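Structure record follows, encoded as structure tokens.
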There are 2 protein chains.
Amino acid sequence: MVSKACEHGIRAVIYIAAQSFEGKRAKIADIVQHSGSPEAFTAKVLGELTKHRIIQSHTGPRGGFEMNAEKLKTVHIGHIVQAIDGDALYINCGLGLSQCNAMYPCPVHDKYVIIRNEIKEMHITTTIFELAMAYRSGKTVLSR
Amino acid sequence: MVSKACEHGIRAVIYIAAQSFEGKRAKIADIVQHSGSPEAFTAKVLGELTKHRIIQSHTGPRGGFEMNAEKLKTVHIGHIVQAIDGDALYINCGLGLSQCNAMYPCPVHDKYVIIRNEIKEMHITTTIFELAMAYRSGKTVLSR
DNA sequence: TTAAAATAAGATAAAAATATCCGAAATAGA
DNA sequence: TCTATTTCGGATATTTTTATCTTATTTTAA
């Protein structure tokens, strides 16, 4: 569905958001301890998300990753998927045809477009903030 | 979403079904010409589908692949996905957790389960026969 | 000014997915 | 029985994804 890199990224950002909500920065070692992701690989992904300005990073003692108030409010899953995996999930054909559209549809086109749009809609309407709050409250978990 | 192997397999089976409907067997060279898939790789996938008794194969001259009347009626996309990709798509966690469930849900669990079930439902309710008919009529295409 | 604490970036490694190749086995038909 | 045709099955190759390692660079507290 989404790549492993993307899964690691989303889990990491949820943790970062939860920390940011408490005014704390999150360091890599801390993030991967709570999200159960591999450290070096997650660092790569977070670097990418920093470039895309989805999160912010600070070097040096007391550094780490954080989300500012604006990002904390506005970032949703779709932003992260887009940054890491690109838009393949949202636009690719369900049967792998490179040019499949309403004019020349593959046999599953009509049904697939509906699902694809629901996934996109779900990603866009699911904010990191709401996920971070659910994590913070203990209602949901990030690693298992 | 589904693997390339699975996409090649579904397209191939749609073509085989359309041929079977006309009482003809389909050979690999013919299948890949119409489905635009790589020959050797598709042969591998079809071997797997034969083992799972989704299609039937015959060696020798006038051989090839076919679907008998019963399979032509009953096989749906879910059967092929299950045979090639297993049930990962239908049961895996949306954030990659190995143990995520209603009791210990990941932050996207509730929303993801809905989408996952819709995909499964779509796969189960979409028969190869209906896709083969849509292909045969020219309403849909298998390669582009 | 310096050492500590952190990210950044590039090289490398391992694993999985995708794809190819080729000899063996089966079969229909002459 | 011989031959041409076709799938089968195992070995191999390539590409992509996932992951690690090493070194450099930045920042900041003391």
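Naming: A, B, ... by sequence-line order, numbering from 1 per chain. What you are looking at is a predicted structure, and each value in this text was computed from that prediction instead of being measured.
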Considering every strand and a 4.0 Å limit on heavy-atom distances, what is the contact class for B:Leu46: base, sugar-phosphate, or nothing?
nothing
Check the pair B:His123 / B:Tyr90 against ring-ring contact (aromatic ring centres under 6.0 Å, His included), numbers first and verdict last.
CA-CA 10 Å; B:His123 283 183; B:Tyr90 305 137; 5.8 Å; yes
Specify the separation, in whole Å, of atom NZ of A:Lys24 and atom P of C:dA6.
15 Å
Is the count of non-hydrogen atoms from other residues, nucleotides or ligands lying under 6.0 Å from A:Arg53 atom CZ greater than 12?
no
Any idea which of C:dT7, C:dT20, D:dT20 is nearest the A:Ile28 side chain?
C:dT7
If you measure only the distance, is there a donor-acceptor pair under 3.5 Å linking the side chains of A:His109 and A:Tyr104?
no
Does OP1 or OP2 of D:dT6 have a side-chain N or O of B:Lys27 closer than 4.0 Å?
yes
Separation of C:dT7 C1' from A:Ile16 CD1 (nearest whole Å):
12 Å
Length of the line joining B:Glu39:CD and C:dT18:P, which is rounded to integer Å
19 Å
Any salt bridge linking A:Lys111 with B:Glu130? Criterion: basic side-chain nitrogen under 4.0 Å from a carboxylate oxygen.
yes
In whole angstrom, give the distance that lies between atom CD of A:Glu66 and atom C1' of D:dT27.
14 Å
Quick check: B:His76 with B:Phe129 (ring centres under 6.0 Å apart)?
no
Is any NZ, NE, NH1 or NH2 atom of the basic residue among B:Lys24 and B:Glu66 found under 4.0 Å from an Asp or Glu carboxylate oxygen of the other?
no
Any idea which of C:dC21, C:dT18, D:dG9 is nearest the B:Ala40 side chain?
C:dC21
Can you classify the ring geometry of A:His34 versus A:Tyr15 as parallel (below 30°), tilted (30 to 60°) or perpendicular (above 60°)?
parallel
For the side chain of B:Lys51 and the base of D:dG9, is some donor closer than 3.5 Å to an acceptor across the two?
no
Between CZ of A:Phe41 and C1' of C:dA14 the distance, given in whole Å, is 13 Å
Over how many whole Å does the gap from A:Glu7 atom CD to D:dT18 atom P extend?
8 Å
Classify the side chain of A:Lys44 and the base of D:dT20 as holding, or not holding, a donor-acceptor pair under 3.5 Å.
yes
Whole angstroms only, please: what is the CD1-P distance between A:Ile84 and D:dT16?
19 Å
Does A:Val2 or B:Ala43 map to a spot on DNA chain D nearer the 5' end, using the closest nucleotide for each?
B:Ala43
Whole-Å distance, A:Ile31 CD1 to C:dA6 C1', equals 12 Å
Neighbours of DNA chain D within residues 55-65 of chain A, by heavy-atom distance under 4.0 Å
A:Thr59, A:Gly60, A:Pro61
